[in-house]
Amino acid sequence: MPTVGEGFNIAVTGSTHDEFGLRFTADPHVHRRLVERLNNKMQKSR
Amino acid sequence: MEDEIASIGAVIGASWAGAKAMTATFGPGFSLIQESIGYAFMTETPCVIVDVQRARSSTGQAAKCAQGDFMQARWGTHGDYSAIVLLPNSVQEMFTLTIKALNLAEKYRTPVILLADETTARMREKVIVPPPEEIEIITRKRPRAGDKAFSV
């Protein structure tokens, strides 16, 4: 996770986004990948 | 901060700036920050939120113990999300689980909730604090120089 102010170009959004942080709110496949990844990173470690 | 919404906003901003950030509140304040918890989950912002529960809804009974926020800790914000919630039952666990909460937040890049209650908050007991070198500290992964994997 880059730190703001260290020289990285950072994109942050609460919208549905792909692995590069780019918004893809109209694509259900991107949304599914995102939701599954965000949930699975903890669910798999229960 | 002027209110809980500002507090959680400051926590998210501090985390983006590289700090390990935490805020503490009670039931009504926990309700106020729910939307931002969802935002922190979606933006994968590591942070810790302490909720010291009280009896009843709203201002309720300030000096009475209850666990009414139990479901809110898991289902409080909207959308599909998973929550990590830790529940201390002693002063010692308040100490150890706070460290664990920060570690889990950094490891999984997600908000972690420390769910205490009025009784635990008012307890007084001896706490064993281990030497710093014996405490496991997890810090978020940072990008490496020249890392091209996610270059746009």
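A, B, ... follow the sequence lines: proteins, then strands. Residue 1 opens every chain.
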| Distance, nearest 0.5 Å, that separates CG of L38(A) from OG1 of T110(B) | 8.0 Å
| Do W75(B) and I8(B) belong together in a cluster built from hydrophobic side chains that touch within less than 4.5 Å? | yes
| remark: Besides I99(B), the hydrophobic cluster formed by Ile, Leu, Val, Met, Phe, Trp and Tyr side chains linked at under 4.5 Å, directly or via other members, contains V91(B), F95(B), M123(B), V127(B), V129(B), I135(B), I137(B)
| field | Intermediate values then yes/no, side-chain contact (heavy atoms from CB on, under 4.5 Å), K41(A) and R109(B) | value | CA-CA 9 Å; K41(A) 65 178 178 179; R109(B) 283 187 53 185; 4.1 Å; yes
| query | So which part of I10(A) gets closer than 4.5 Å to some heavy atom of chain B, the side chain, the backbone, both or neither? | reply | neither
| query | Side-chain heavy atoms under 4.5 angstrom apart, residues restricted to Ile, Leu, Val, Met, Phe, Trp, Tyr: same cluster for I84(B) and M22(B)? | reply | yes
| field | In one Ile/Leu/Val/Met/Phe/Trp/Tyr side-chain cluster, 4.5 Å: F20(A), F24(A) | value | yes
| task | Flag yes if more than 12 heavy atoms outside R142(B) fall under 6.0 Å of its CZ atom; otherwise flag no. | result | yes
| Toward chain A: residues of residues 31-52 of chain B with heavy atoms under 4.5 Å | Y39(B), F41(B), M42(B), T43(B), E44(B), P46(B)
| Toward chain A, the part of R140(B) with a non-hydrogen atom under 4.5 Å | side chain
| note | Heavy atoms of G18(B) and T3(A) approach each other most closely as N-CG2, 3.7 Å
| field | Under the side chain to side chain contact (heavy atoms under 4.5 Å, CB included) test, residues paired with V85(B) that sit two or more places apart | value | A73(B), A83(B), L87(B), I113(B), L115(B)
| message | Test of understanding: clusters of I, L, V, M, F, W, Y form through side-chain heavy atoms closer than 4.5 Å, transitively. Do Y108(B) and L97(B) belong to the same one? | response | yes
| note | Among residues 9-17 of chain B, residues within the sub-4.5 Å heavy-atom range of chain A, in order of number, are S15(B), W16(B), A17(B)
| Would you say M42(A) and M1(A) are hydrophobically clustered, going by side-chain heavy atoms of ILVMFWY under 4.5 Å? | no
| task | Mark yes or no for whether D80(B), through its side chain, and V35(A), through its backbone, hold a donor-acceptor pair below 3.5 Å. | result | no
| task | List the atom of Q43(A), the atom of S82(B), and the distance in Å for their closest heavy-atom pair. | result | NE2-OG, 2.8 Å
| field | Atom CZ of R32(A) with >12 non-hydrogen neighbours under 6.0 angstrom | value | no
